[in-house]
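The structure appears right after this line, and notes come after that.
Note that this is a predicted model, so its numbers are computed, not measured.
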Amino acid sequence: MEADERIQQLRLRCLERKPYTLPWDGDPRLMARSLRASAGVSSWTVRRGILTRDLLAWTPLEIDDLELLAGRLAHDRPEWAAERREARAYLQEHFPYLYTPGQAGHCQLDFSRLYALGLDGLRAEVLTLERAALGKRAEVYHAFGDALEGLSLWIENAAQTADRAAAQAAGPRQGELDAIAAACRRVAHLPPATFFEALQLTWLAILGCQMADRAFLINPGHLDRTLAPYYQTDLAAGRITPERALLLIECLYILLNENIPDGLAISVMVGGRDAQGRDLTNSLSYLCLEALRRTRLVYPTVGVCWHAETPPELTALGVELITRGLPNPAFFGDETIQRGLRLYGVPPEESWNYVNSTCVEITPVGASNVWVASPYFSTCQILLDEIAAQVESGCPAQTFADFLSGYRARLAAQIGAAVEAENHSRRIRQQWGGKPLQSVFTRDCLARGQDIDDGGARYNWVECSFVGLANLADSLYVIRSEVYEQKRLTLAELHAILQANFDGHEVERQRFLNGYPKYGNDCAAVDELVGEIVTFVRQECARYAMHPDDSPFVPGAFCWVMHERLGSACGATPDGRRAGFPFADGCGAAQGREKAGPTAAVLSVTSWDAAPLIGGAAFNMKFPASLFKTPQTARRLQDLIVTFLERGGFETQVNVVDAAVLKAAQQNPEAYRDLVVRIGGYTDYFTRLTPEMQAEVIMRTEYGAL
């Protein structure tokens, strides 16, 4: 079968069977069975290792007649529903700490020792460490060993799944299945020897960690770095062609979509630099981008780590895919991000080795227990609370500086309360958590003899996110002008207008919305307010330390879908936004407010330092597809993106889709079920968005020229 036809059939099958797969975070039936069987084991650490092993050993897999990689969770079965309900009730009653609070996963694992030693060699190393350890550390290593045994059984299960399918197949398909089974049997014990084996092992280890350890959204990450040695060796030996490697990467991308629920995020990253500043772009970098062309599904995003020496051809390929209506590529400012990582204690020799953990949040590769989006702050709700408090006190601030001081104090209190809540969650996780398989693949858990939930990782910081910065800056500008400079309204009168959601005050709303300059139009007076807010939250977050090792509390400004959720719960704001309307979708302007074109928007977004926002800072742009009829417009878009990155931009992503197509998709969702759009740092299917989010995407400024 031709590669094009195979991929098209696989992607259609993925879309059709997506809702019917087993739970990606572990089957409660199997959890309950394992925990009942280990009831006589006194150590929870040891029981957690047994649970990981059992889930890996018992979870069924499937493979169809076209897949070239093993590792698709089996279909759910209706007859399991009653058993699953009983199991969930049992777990909630007896093991509520299985569902501990806080983030998990959101990282790229360190498979270097797995690639070098193989599973048998790695298990032998862990056994040696266990024999030399005492007490809790010995229990931890025992759990690590059980988890690795489970991974071997999981991969053997994949081999057996392929064997069963091969027994029913004939001709070329039988040979394909035999090759899959042979690869799985090898990497279940020994190091991978080929690109195919390394890719197969990587995927099964990632899915195994996600499912058995409930370590969500572990990413393939820098495939062009981790798999490059195998690819180059195979090319030189004539064992693989670029076309075959591309097909295998496409099969991996489809498996990501098969196994991970819609509405989340999963990432691949390419390019970047090594510790000596040398460009790391290679032929796999291009293949990882090119694999998006035929798969055309929501996962993964492919981020280009852009720096001054990035080959223009790599940038051009990403831009070309975007202009073809594929929003999955994104561009990350490598210099800006490395500088930000160094601000939070990552040494220069490690700051090059990072990944966007899912959307645009940054975590160090292979060494991270970083919690992302923990929590999201509604900056505008805090503003409304401050306005109300000052008005109700009867003594509102007499100067804008005093008003702003009050707002900062209120925001600071929210930050302090959030740190306390996150640290409480971390203490619960330390006592009742446990992710033995993820821990083995996270530096420095093995060296320390500590589970990742107990602080074993090298980096344990927490990343929060401040949503609605553009609305906040626009609102503060209006308050300063209306109340304190022009004195057209008192703070109490402004409060009353907002409380009424502008009903009966459309004149004032239009003045707030259109009578004052807005962020995103290269207006220094407004842009500076964003910079001041970012500086303040960075300084305020720096006052706190996170459990268990005094890691930093790190700010960000990305929002996933939270700009819609938090906006729906927030009243009218002084920027002219009505109650319930979504906030701005990242660090760019609010919807429809960039009146001076994309270059002015880029100048605004890069007028302040984004490096401290390692928690993520996404800048969305939107263009009509009809604009890109000639190569010249694609080159102008590339120039715009490069300008953004050269000026210190953190991350940018682009939707190229006509508004008419989006509106047609609203009316006939079945015909557009695979229409993918960029939201707040991630990609999603437009037709599965809420009506409010669909409206928000349509209302974003559409630049009609470049």
Side-chain angles (χ1 to χ4, degrees), residues 224 246 249 253 267-272 279-298 300-337 356 359-360 586 588 594 597-603 605-606 618-658 661 675-679 681-683 700-706:
D224 63 340
L246 174 63
I249 294 169
Y253 286 6
S267 64
V268 168
M269 226 176 198
V270 298
D279 177 59
L280 288 169
T281 303
N282 58 54
S283 53
L284 274 183
S285 308
Y286 295 89
L287 292 181
C288 288
L289 272 170
E290 184 61 37
L292 296 170
R293 192 185 302 273
R294 290 193 296 210
T295 54
R296 300 185 74 90
L297 294 167
V298 70
T301 59
V302 179
V304 177
C305 297
W306 190 93
H307 58 93
E309 302 304 317
T310 296
E313 295 81 4
L314 185 70
T315 308
L317 176 58
V319 170
E320 190 249 326
L321 292 170
I322 289 170
T323 64
R324 299 295 179 92
L326 288 164
N328 305 63
F331 294 90
F332 289 78
D334 184 65
E335 180 58 39
T336 299
I337 291 169
N356 58 313
C359 297
V360 293
E594 304 107 311
T599 300
V602 164
L603 295 176
V605 175
T606 57
F619 173 50
N620 277 296
M621 292 189 283
K622 178 183 170 187
F623 297 89
S626 55
L627 184 63
F628 296 98
K629 294 180 178 178
T630 66
Q632 289 78 11
T633 48
R635 284 197 292 271
R636 287 200 290 271
L637 177 58
Q638 182 172 339
D639 291 342
L640 183 69
I641 289 170
V642 168
T643 298
F644 168 82
L645 296 164
E646 288 177 337
R647 286 177 53 85
F650 192 99
E651 184 265 4
T652 188
Q653 53 200 17
V654 185
N655 280 317
V656 173
V657 58
D658 291 325
V661 172
L675 175 60
V676 178
V677 292
R678 276 281 182 172
I679 309 298
Y682 82 111
T683 49
R700 292 178 184 178
T701 300
E702 182 176 278
Y703 303 118
L706 274 165

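- Considering all non-hydrogen atoms of both residues, Leu289 and Gly318 come closest at CD1-N, 4.1 Å.
- From His307, atom NE2 reaches atom CD1 of Ile337 across 12.0 Å, with rounding to the nearest 0.5 Å.
- With values rounded to the nearest 0.5 angstrom, Trp306 atom CH2 is found 15.0 Å from Glu651 atom CD.
- Judged by distance alone, the side chain of Asn328 and the main-chain N or O of Leu297 form a donor-acceptor pair under 3.5 Å.
- Pairs engaging residues 286-295 under the side-chain hydrogen bond (donor to acceptor under 3.5 Å, both in side chains) rule: Asp4-Arg294, Glu250-Arg294, Glu290-Arg293, Arg293-Glu320 [sequence neighbours left out].
- Relative orientation of the Phe623 and Tyr703 rings is tilted, given thresholds of 30° and 60° on the angle between their planes.
- What you find for Gly681 and Ala618 is that their closest heavy atoms are CA-CB, 4.1 Å.
- Contact record, Ala625 with Asp658: N-OD1, 2.9 Å, taken as the closest heavy-atom pair.
- A 4.5 Å side-chain heavy-atom check between Asp224 and Ser283 finds every atom pair outside the cut-off.
- The distance from the SG atom of Cys305 to the CG atom of Asn356 is 7.5 Å, given to the nearest 0.5 Å.
- Side chains of Val676 and Arg296 form no contact here, defined as non-hydrogen atoms less than 4.5 Å apart.
- Across all their heavy atoms, Ala291 and Tyr253 have their closest contact at CB-CE2, 3.4 Å.
- Annotation for Gly325 and Pro327: closest pair O-CD, 3.3 Å, computed over non-hydrogen atoms.
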Under 3.5 Å, side-chain donor or acceptor atoms of residues 638-649 against the rest of the protein: list the pairs with distances, not counting sequence neighbours.
unit_1	atom_1	unit_2	atom_2	d
Thr643	OG1	Asp639	O	2.8
Arg647	NE	Thr606	OG1	2.7
Arg647	NH2	Thr606	OG1	3.3

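- Within the 4.5 Å cutoff, no side-chain heavy atoms of Phe628 are placed close to those of Val319.
- Of the inter-residue distances, the one linking Arg700 atom CZ with Lys622 atom NZ reads 8.0 Å to the nearest 0.5 angstrom.
- Minimum interatomic distance between Pro329 and Arg678 (heavy atoms only, all atoms of both residues): O-NH2, 3.6 Å.
- The closest donor-acceptor contact from the side chain of Thr683 to the backbone of Val298 lies under 3.5 Å.
- Without hydrogens or angle criteria, Asp334 side chain to Gly272 main chain gives no donor-acceptor distance under 3.5 Å.
- Residues Pro311 and Asp279 form a side-chain contact, since some pair of their non-hydrogen atoms from C-beta on lies under 4.5 Å apart.
- Between Phe331 and Thr310, every side-chain heavy-atom pair lies at or beyond the 4.5 Å cut-off.
- Take Leu287 and apply the side chain to side chain contact (heavy atoms under 4.5 Å, CB included) test, not counting sequence neighbours, and it matches Tyr231, Ala245, Leu246, Ile249, Leu284.
- Counting heavy atoms from C-beta on, the side chains of Tyr682 and Thr301 never come closer than 4.5 Å.
- One finds the OG1 atom of Thr701 at 3.5 Å from the CD atom of Glu594 (value rounded to the nearest 0.5 Å).
- Taking CG from Leu627 and CG from Leu637, the interatomic distance works out to 8.5 Å, rounded to the nearest 0.5 Å.
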